Amino acid sequence: MDDPLVVHTPGKREIVLSRLFEAPAQLVFAAFTQPGLLVRWYGARGWGLTECDVDLRVGGRWRFVSRGPEGARMVQAGVYRQIEPPHRLLYTELFDDQSYPGETLVSHEFSELAGRTTVTTTLLYATAEGRNIVLRYPMARGVGQSFTRLADLLRSTTTTEEEQP
């Protein structure tokens, strides 16, 4: 059974997402940081990564290019600010065709208990207006679908070694 995505809005500029995965934190962290694993789960149903560049070091850049229905294209990128495997990942995020102001600060916390890992993602937007714009999108549905794909991948993956798609 898949655990649902839980969404909270604790502040005027924040969205907090959390979900429990049936996998150890080391594997879940790898799935968030290794291109060979990211391309296998990242994106809502109908979307997939066509480019996945990860320079996993503080100050390193990341860039994802996704393709979706009818050839839709989405590009997002940022800079890693904090990397503490397998517990924490902090980076900036900006979309090429962003509809809200400023850069978003994304924090993933990976908390393992008895071989199961809860991922808590905090999105801190530059403005309350930006957060409110994002809340009007089907963002929670898209992240939920993406995390379901991740849960499926984690069930079939037992190694943190990068795998080819």
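Bear in mind that the values here come from a model prediction, so they are computed numbers and not experimental data. For this chain, numbers begin at 1 and follow the sequence in order. These values consider heavy atoms only, across backbone and side chains, with no hydrogens, waters or symmetry-generated copies.
For the residue pair Ala140 and Val7, the shortest heavy atom distance occurs at CB-CG2, 3.9 Å. Heavy atoms only, all atoms of each residue included: Gln98 and Glu93 are closest at OE1-O, 4.5 Å. The two residues Ala128 and Arg13 have their closest heavy-atom pair at N-CG, 3.6 Å. For the pair Thr121 and Val119, the tightest heavy-atom approach, listed with the atom from each and the gap, is OG1-CG1, 3.8 Å. Heavy-atom minimum distance, Ala31 versus Leu150: CB-CD1, 3.6 Å.
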Passes side chain to side chain contact (heavy atoms under 4.5 Å, CB included), Asp53 versus Arg61? Steps please. CA-CA 8 Å; Asp53 301 317; Arg61 295 192 57 79; over 6 Å; no
Q. Does the pair Leu17 and Val6 meet the rule for a side chain to side chain contact (heavy atoms under 4.5 Å, CB included), with working shown?
A. CA-CA 6 Å; Leu17 312 161; Val6 177; over 6 Å; no
- [ ] Please test Arg116 against Phe21 for side chain to side chain contact (heavy atoms under 4.5 Å, CB included), starting from the C-alpha separation and ending with a verdict.
- [x] CA-CA 6 Å; Arg116 303 168 81 202; Phe21 294 96; over 6 Å; no
Q.
Show, in sequence, the C-alpha distance, side-chain angles and deciding distance for Leu105 and Leu90, and conclude whether the side chain to side chain contact (heavy atoms under 4.5 Å, CB included) test is met.
A. CA-CA 7 Å; Leu105 192 59; Leu90 178 72; 3.8 Å; yes
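In this structure, Thr117 contributes its side chain and Phe110 its backbone to no donor-acceptor pair below 3.5 Å. A donor-acceptor contact shorter than 3.5 Å links the side chain of Glu112 to the backbone of Ala25. Between the Ser146 side chain and the Ala44 main chain, no donor and acceptor come within less than 3.5 Å of each other. Using a distance-only test at 3.5 Å, with no hydrogens or angles considered, no donor-acceptor pair links the side chain of Thr157 to the main chain of Leu154.
Taking CG from Leu49 and CZ from Arg40, the interatomic distance works out to 13.0 Å, rounded to the nearest 0.5 Å. Atom NE2 of residue His108 and atom OG1 of residue Thr33 lie 10.0 Å apart, to the nearest 0.5 angstrom. The distance from the CZ atom of Arg73 to the CH2 atom of Trp47 is 10.5 Å, given to the nearest 0.5 Å.
A salt bridge does not link Arg131 with Glu14: every distance from a Lys NZ or Arg NE/NH1/NH2 to an Asp or Glu carboxylate oxygen is 4.0 Å or more. Checked for salt-bridge contact, Arg149 and Asp152 miss the test: no charged N lies under 4.0 Å from a carboxylate O.
Classified by interplanar angle (parallel below 30°, tilted 30° to 60°, perpendicular above 60°), the ring pair Tyr100/Tyr125 is perpendicular. The aromatic rings of Tyr91 and Tyr80 lie perpendicular to each other, with more than 60° between the two planes, well past the 30° mark.
Thr104 pairs in a side-chain contact (heavy atoms from CB on, under 4.5 Å) with only one of the listed residues (Ile15, Thr92, Leu123), which is Leu123.
Side-chain contact of Ser99 with Tyr137: a donor-acceptor pair under 3.5 Å is present, judged by distance alone. With no hydrogens or angles considered, no side-chain donor-acceptor pair links Thr118 and Arg19 at under 3.5 Å.
In Arg88, the CZ atom is crowded: over 12 heavy atoms of neighbouring residues, nucleotides or ligands sit closer than 6.0 Å.
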